[in-house]
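For reference, the structure discussed in these notes is given below.
Numbered from 1 within each chain, the chains take letters A, B, ... in sequence-line order. This is a predicted model, so every value here is computed, not measured.
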There are 2 protein chains.
Amino acid sequence: MSDAMVEQIRRFNRVVTERVGALDDRFLGLERPLGEARLLWEIGLDGSEVRVLRSRLGLDSGYVSRLLRSLQAAGLIKLAASGRDRRVRVARLTAAGRRERLALDQRSDELARSLLAPLSQRQRQRLVAAMRDVERLLLCGIVEIRVVDPEHADAQYCLGEYVAELNRRSTRGFDPSVGATALPHEVRPPAGQFFVAYLHGEPIGCGGVKHHADTPSEIKRMWIAPQARGLGLGRRLLEKLEDCARTGGARVARIETSAVLTEALALYRSAGWVEVPPFNEEPFADHWFEKVLSIRTAAAT
Amino acid sequence: MSDAMVEQIRRFNRVVTERVGALDDRFLGLERPLGEARLLWEIGLDGSEVRVLRSRLGLDSGYVSRLLRSLQAAGLIKLAASGRDRRVRVARLTAAGRRERLALDQRSDELARSLLAPLSQRQRQRLVAAMRDVERLLLCGIVEIRVVDPEHADAQYCLGEYVAELNRRSTRGFDPSVGATALPHEVRPPAGQFFVAYLHGEPIGCGGVKHHADTPSEIKRMWIAPQARGLGLGRRLLEKLEDCARTGGARVARIETSAVLTEALALYRSAGWVEVPPFNEEPFADHWFEKVLSIRTAAAT
DNA sequence: GACATTCTCTGACCTTAGTCAGCAAAGTGC
DNA sequence: GCACTTTGCTGACTAAGGTCAGAGAATGTC
């Protein structure tokens, strides 16, 4: 990580907060204080529970209450008790509130347009592409990979998506209970470990490891949500799983996969995995890989 | 300007303000209020005049005065009258102030590092490159091209840099008073017009137009500061000059340039200028161009 | 039914950020 | 020497953003 990189990021920050940040906030403010505007926005067209707003914006209960009163006094929202739990209050936009939210929306669009306006068509495309890169790479940086019990709801959600995707992309039909399985007890300590990747608290990927006493460790059920692909997240997750296998005492890890998962195949090959003859009878697999787990040096987290 | 572009920018804003903006400001804040921290930073290692601080940060005189008092009370700065003008006060960092400024610096670096840390080396390079693109394109968007009198200090500065650069890059030696000149009265209404491009109030480029009653208009002294190149600014400036010639009644514009100005040659060619036989005896020129000024449609500003 | 917990609201309070009008000292132009 | 401008300081004021403690109602738990 060179000084030049750090310097570039700091310059970027300065320019962006000047041009985007300053605008985004104060611009959005319209006639209304920023806090109220953000709250109005966050309530959304379908309304929100007050406690949800509080946690999403990270604000004090008293403060939110006051902001809501002020919005209510301005005739922009209505507050009502929730049907299920009458302590919980739900904020809903009135017609005027919806109009104002739309205005905020348009302001935001205007801001975006004002950034593009002075540029030529080619420059616009370059700007948008670069912004997309920055956005995705920053997002990739916030993704957190945590050890989770394989029966935890988040793990189950990911596994479900994994199976669904395989069945969607393959003509063969995949049954996770047949062949080389990854049953909960097989990927739970001490037999193994299961990981879930989170972005903003949402599960967006998973993977498991099965330790074995004498034969190589197995990596199983590695999956990344479609909308999170192309971030290099797969590589990060795979490294985590290899680490786990290594820590479990394995010198070699194995993985098998279907031919339809082309991204996975490319990833394994580029990450130093070597294709080997089939080492199990997993009916769904078309490719089998092995990797010698060398001692890692100076790993990035 | 498509909706997809606008949408991408808004997503970018959200991610960046969350990850960079929020951090940059509040992170920088340390234990000190943001205003004081920014001021402390801006004073710099060599000290600054108070009036300069005020204009750079765009703050009220009274407010700055109060902030400085607070920093002085904390033992971070010393205030003294300027030697030349005893109304003007100069703020200088004490040893403690320098320490604190260094700490702010390190915080900023830390933030930058924390963005890079989770990424692989390749991803880091992509992130930094994309940030550089975004930064440059945003900067390009804020550049303002104004009509300025050719004897104005900013115009003179640009012209001086232009001449200096030609003499630096060419072996021939360039004398602006010989050959096809651009004397002040020739590029000032009604005979012509002169433009200066500004970034943050600093002149970073220029160009002039000489109108003629019967022969084509001439574009003269077009220059972009080296640090502002590669932004597509040249194209914007050139379009402005063409517009000016067109508004002045010309159907055709001419421009001559030296072979050493390779960027300029490439720009003219790609902007629809056609190389023609020499139309004057400018001793410094190697290439002569003409362009038919069509009526413009839906121009970007 | 007693008790704890959850959720919202209220009043009191604080800091930060910033504006405005006016003043005094110093410098500038004639 | 006089009028005017620049520069910085001060006091009074405002708005926004936010924290904290506690009250009161609804709900959950034993």
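Residues that satisfy the salt bridge (Lys or Arg N to Asp or Glu O under 4.0 Å) test with A:Arg146, not counting sequence neighbours, are A:Glu144. With sequence neighbours left out, A:Asp154 forms a salt bridge (Lys or Arg N to Asp or Glu O under 4.0 Å) with no residue at all. Residues satisfying the salt bridge (Lys or Arg N to Asp or Glu O under 4.0 Å) criterion with B:Glu186, sequence neighbours excluded, are B:Lys210. Legend: residues meeting salt bridge (Lys or Arg N to Asp or Glu O under 4.0 Å) with B:Asp60, ordered by chain and number and at least two apart, are absent. Remark: A:Ala80 pairs with no residue by the side-chain contact (heavy atoms from CB on, under 4.5 Å) rule, at least two apart or across chains.
Donor-acceptor pairing under 3.5 Å is lacking for the side chains of A:Trp223 and A:Glu161.
Taking atom CZ on A:Arg38 and atom P on D:dA16, their separation rounds to 15 Å, with Å as the unit. Atom-to-atom, CD of B:Glu36 to P of C:dG18 comes out at 12 Å; the value is rounded to the nearest Å. At whole-Å resolution of the value, CD in B:Gln72 and P in D:dG8 are 14 Å apart. The CG-C1' distance, from B:Leu57 to C:dA17, rounds to 13 Å in whole Å. Rounded to an integer number of Å, the gap from B:Leu53 CG to D:dC9 C1' is 16 Å.
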What does the B/S/- profile of nucleotides 7-14 of chain C look like, 5' to 3', with a 4.0 Å heavy-atom cutoff to protein?
SBBBBB--

List the atom pairs, donor and acceptor, that lie under 3.5 Å between side-chain atoms in residues 42-49 of chain A and the rest of the protein, sequence neighbours left out.
unit_1: A:Glu42; atom_1: OE2; unit_2: A:Arg56; atom_2: NE; d: 2.7
unit_1: A:Ser48; atom_1: OG; unit_2: A:Ile43; atom_2: O; d: 3.2
unit_1: A:Ser48; atom_1: OG; unit_2: A:Arg56; atom_2: NH2; d: 3.4
unit_1: A:Glu49; atom_1: OE1; unit_2: A:Arg51; atom_2: NE; d: 2.7
unit_1: A:Glu49; atom_1: OE1; unit_2: A:Arg51; atom_2: NH2; d: 3.1

Dot-bracket notation for DNA chain D, counting Watson-Crick and G-U pairs under 3.5 Å, with | for partners on another strand
||||||||||||||||||||||||||||||

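Residue pairs meeting the salt bridge (charged side-chain N to carboxylate O under 4.0 Å, His left out) criterion with at least one partner in residues 195-206 of chain A, sequence neighbours excluded, are absent.
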